[in-house]
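Below, chains carry the letters A, B, ... as their sequence lines are ordered, and counting in each starts from 1.
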2 protein chains.
Amino acid sequence: MAAINQTPQKRPTIYDLAQIAGTSPSAVSAILNGTWKKRRISAALAERVGRIAEEQGYAVNLQASLLRRERSRIIGMIIPKYDNRYFGAIAEQFEAMARERGLFPVITCTQRDPALEVEAAREMMSYQAECLIATGATNPDRIAAICAPAGVRSINLDLPGTAMPSVVSDNFGGARDLTRLILDRIERDFGILGPLYFIGGRAQDHNTTERLRGFRAAHAERGLSVLSDRCIMHGYSAAKSEAALAAAEIDGTVGFFVNSTIALEGVVRWIHGGPERPGLRFGCFDWDPFARFLPQNIGMMRQDIGAMLAKVFEFVEHPPPGAPRIETPCIFEPAN
Amino acid sequence: MAAINQTPQKRPTIYDLAQIAGTSPSAVSAILNGTWKKRRISAALAERVGRIAEEQGYAVNLQASLLRRERSRIIGMIIPKYDNRYFGAIAEQFEAMARERGLFPVITCTQRDPALEVEAAREMMSYQAECLIATGATNPDRIAAICAPAGVRSINLDLPGTAMPSVVSDNFGGARDLTRLILDRIERDFGILGPLYFIGGRAQDHNTTERLRGFRAAHAERGLSVLSDRCIMHGYSAAKSEAALAAAEIDGTVGFFVNSTIALEGVVRWIHGGPERPGLRFGCFDWDPFARFLPQNIGMMRQDIGAMLAKVFEFVEHPPPGAPRIETPCIFEPAN
DNA sequence: CCGGATTGCGCCATCGATGCAGCATGTATG
DNA sequence: CATACATGCTGCATCGATGGCGCAATCCGG
C-alpha cells in the first residue's frame, strides 16, 4: 500500500513546547495534564505554555502517555455488527456511558466471525484495555481465556458465558409473553389456534435455546405442541431465513415468532416477494422503529439496552464475585 | 470511580519472555513482530519463543510498539451515530475495508454534537492516527484545521468541506429523481399534481441545500413552485419532525419527500399516531430494509456506501491534489 | 590453515510523557 | 542574622518495543 502520509510532518512534542516557552519538558507535561497545581507551577507559566500548546496545535501522544501511566482507562467492546438497531444502539450508548465515566471506549465489529472475535480480543489486550465487553460473542469463554493472562476481566453482554459475569435479556420470559400474544391475536383475528413458526437464530446459542423454551412454554399452556419442522433456524442471516421460508411452502393462516430483526429482514422480503398473505401475522424478538409499523406486525419485544448497559458498568466498576448471570426484563411494544 | 481492575496483574513483556527463553529482548521482539528472518534468527529459537509467548498469553503492548514505530497505521473515523442503517453500514464497512488494507480502524460516535466532534478529532490526533475520515461532520473544515498542525489529512464523507477532499452522494440528482417519482405516483394514484412537502434536515447543511435544489428542480419541470411553508426542516431528529407535522395540519392527498430515515421515523410515528391517511405517499432519501416495505412508501434513494468508501480509501492511499469533491450516484430502490 | 563471508544473536539508544527527588530562590520567624 | 519553610522549577529514570550496529562463532574456498 502507498504511504498514507507522504509528508510525515513532525507533530509537536512537549520538548518542542518547552524549547519555545524556555522551560523544561516536565513543566510542560505537568501543565498540560492538569497536575501543575500539585507540582507548584506558577499560573503565569501555565497560562503561557497553554497558549503556546494551542498555537502549535499540540496534542498529547497517547501512546507515550499510556505507556508511562499505570492505568490506560481504555475499555474495549467487541460487537457482531453495527448495522441493526439493537447492536447499533448498544455501541452508541456504550460509548456515551464510557465517556461519562472518564473511560476511553474502543469498539470493534467482528461480523459474528469467531476468528475475528479472537483477533479483536487480542487487539484489545494490545491496546492495554482494562476491561473487555464481549457482546453477542459466539464463544464468550474463549474471550475470557484470552483476557485472563493479561489480568483483564471480560463481561459478557447479550450472550452469556460461564467464566465471567454476563448480562442478558430475560429471553425465556420475553419469548413466552410474545408467543402468548401472537397466539392470542391469531385466534382473535382468524379464529384459529395453531402452533406458530419460530424463525431465525441458531439452535446452539443460549438466547435461541431460551427463547425456544419460552415459545414452547406458551404453546404448552394452550395444549399445543411444537414440532421441529416449525422451527426454521438457519443462523442470523436475512438471506437464509428468506430462502428457508421460500422452500417451506407456507400458506393460509400462520403466525411467526421471529427471533431477531435480522431474521425479520428475510421474513419481510419473503412476504413481499410472493403472493399476498392476509392470513399472516408475526411478532419479533427485538425492536426496530420501522418494522414496528409493518402491517402484519403484532408486537416487538424490545431488549432493555439502557438497563443492560447500566448493569454492565456496575460490574465494570464493582467486579462481582464469581460469574453471575443477570437477566434483564424486556420491554414489550405492541405494534399499532 | 472505583478501580476497574483491582489486581493490575503484570502483563508479560518481551523482557519476561526473553528471560524465560534465555535470550535477549531484541530477539523476542524480532520473532514476535515477524522481522526475525531479516534479522537472521534461527527457526529453532523462533519456534521456541513463539511457543513461550503463546503459553504466557503474551500480547504486544501497542502503546510501546507504536511509540517506537514511525507509522501508526491507525485510521480514524468520526461519525454522528451508529443506530441507523446508513451510518451503521458506513461504520461496519469502513472497519472491514481498513482491516483489508492492513490499517487499524478507530471509530468514534459524536452524536452530531460539534463540540464532541472537535474533541473526538483531537483524540484521534492523540492516537497518532495517520488519517481521519470526518463523516457527516457539522463543520468539516474545523476538523481539517485540527488535523493540519499534526500533518494529518482528513477526508470528508457524506458532508463536504472546502479544505480537504470530500466524497458525497449526488444529492441534487438523487433528490430530483426521487421527487419526480413521487410527483408521478401522486398524480397516477390520485389524479392530482401538487407540490410535495420536504421534511427533515437543516437548511444550513450542504446536503439538505442540494436536495432541496433537486426537489425544486423537479417541481419546476412540471411548472410547480415550492413555497417555504412546505419545507419542514428541524434538523435530524425524529421527535422534531413528528412534532412539526402534528402542528402543520396536513390532510387530504399529500406527498412527502423525506430527507433521511431519521426524519422518516418521526413521519411514520405521526402517521400512526393520528387518523388514517389513505391519501398520503412518501419517498425517502436514504434506505432502510423495513421502511422500504411500509405501505405508503413509494421508493427510497439509497446512498451507495460501497462506492463512497472505495473512493475514500482511494484518497487515503493516493492523496489527490487540492480538495476535490466527488459526487456518487445514488441507487434508486422503488418500494414494493 | 588462513581470510573472508555468513550465520546467529546481543547491546543500546530511542520514541514522548510522566513523576519522584532534588535544588535553587524568596519569605517569614525567632 | 541564622533557620525554617514555602515556592517554582529542573534532571533523570522509567514505561515496552524497535532496529541499527556490532561481535562471536562457524563455514567454506583457496
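Atom CD in A:Gln63 sits roughly 13 Å away from atom C1' in D:dC15 (whole-Å rounding). At whole-Å resolution of the value, CG in A:Asp16 and C1' in C:dA17 are 13 Å apart. A straight line from CD1 of A:Ile14 to P of D:dC15 spans 17 Å, rounded to a whole angstrom. Straight-line distance from the CZ atom of B:Arg39 to the C1' atom of C:dG8: 11 Å, rounded to whole Å. If you measure from atom CD1 of B:Ile41 to atom P of C:dG10, you get 7 Å, rounded to the nearest angstrom. Rounded to whole angstrom, the span from the CG atom of B:Leu67 across to the C1' atom of C:dC15 amounts to 4 Å. The CZ-P distance, from A:Arg69 to C:dG16, rounds to 18 Å in whole Å. Here D:dT7 presents its P atom at 14 Å from CH2 of A:Trp36, a figure rounded to the nearest Å.
The neighbour count for A:Gln19 CD, taken as heavy atoms of other residues, nucleotides or ligands under 6.0 Å away, does not exceed 12. Other residues, nucleotides and ligands contribute more than 12 heavy atoms inside 6.0 Å of the CZ atom of B:Arg202.
The side chain to side chain donor-acceptor pair (under 3.5 Å) search around B:Ser166 returns B:Asn156, not counting sequence neighbours. Remark: A:Glu314 engages A:Lys311 in a salt bridge (Lys or Arg N to Asp or Glu O under 4.0 Å) (not counting sequence neighbours).
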Distance-only donor-acceptor pairs under 3.5 Å for side chains of residues 57-67 of chain B, two or more places apart:
| unit_1 | atom_1 | unit_2 | atom_2 | d |
| --- | --- | --- | --- | --- |
| B:Asn61 | OD1 | B:Gln63 | N | 2.8 |
| B:Asn61 | OD1 | B:Ala64 | N | 3.1 |
| B:Ser65 | OG | B:Arg69 | NH1 | 3.3 |

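With rounding to the nearest 0.5 Å, the separation of CD1 in A:Ile90 from CD in A:Glu95 is 13.5 Å. The OG1 atom of A:Thr138 sits 3.5 Å away from the CD atom of A:Glu117 when rounded to the nearest 0.5 Å.
Remark: B:Tyr58 is in phosphate contact with D:dA17, judged by side-chain N or O atoms under 4.0 Å from OP1 or OP2. OP1 or OP2 of C:dG10 lies within a sub-4.0 Å distance of a side-chain N or O belonging to B:Thr23. The side chain of A:Ser24 places an N or O atom within less than 4.0 Å of a non-bridging phosphate oxygen (OP1 or OP2) of D:dT10.
The stretch residues 25-34 of chain A touches DNA chain D through A:Ser26, A:Ala27, each having a heavy atom within less than 4.0 Å of the strand. Across residues 43-54 of chain A, A:Leu45 each have a non-hydrogen atom less than 4.0 Å from an atom of DNA chain D (numbered order).
No salt bridge links A:Arg99 with B:Glu119; every basic N to acidic carboxylate O contact stays at or beyond 4.0 Å.
Heavy-atom nearest nucleotides on DNA chain C were determined for A:Val60 and for B:Gly22, and the one closer to the 5' end corresponds to B:Gly22.
Pairs of residues two or more places apart, or lying in two chains, that qualify as ring pair (Phe, Tyr, Trp, His ring centres under 6.0 Å) and include a residue from residues 88-129 of chain A are A:Phe94-A:Phe313.
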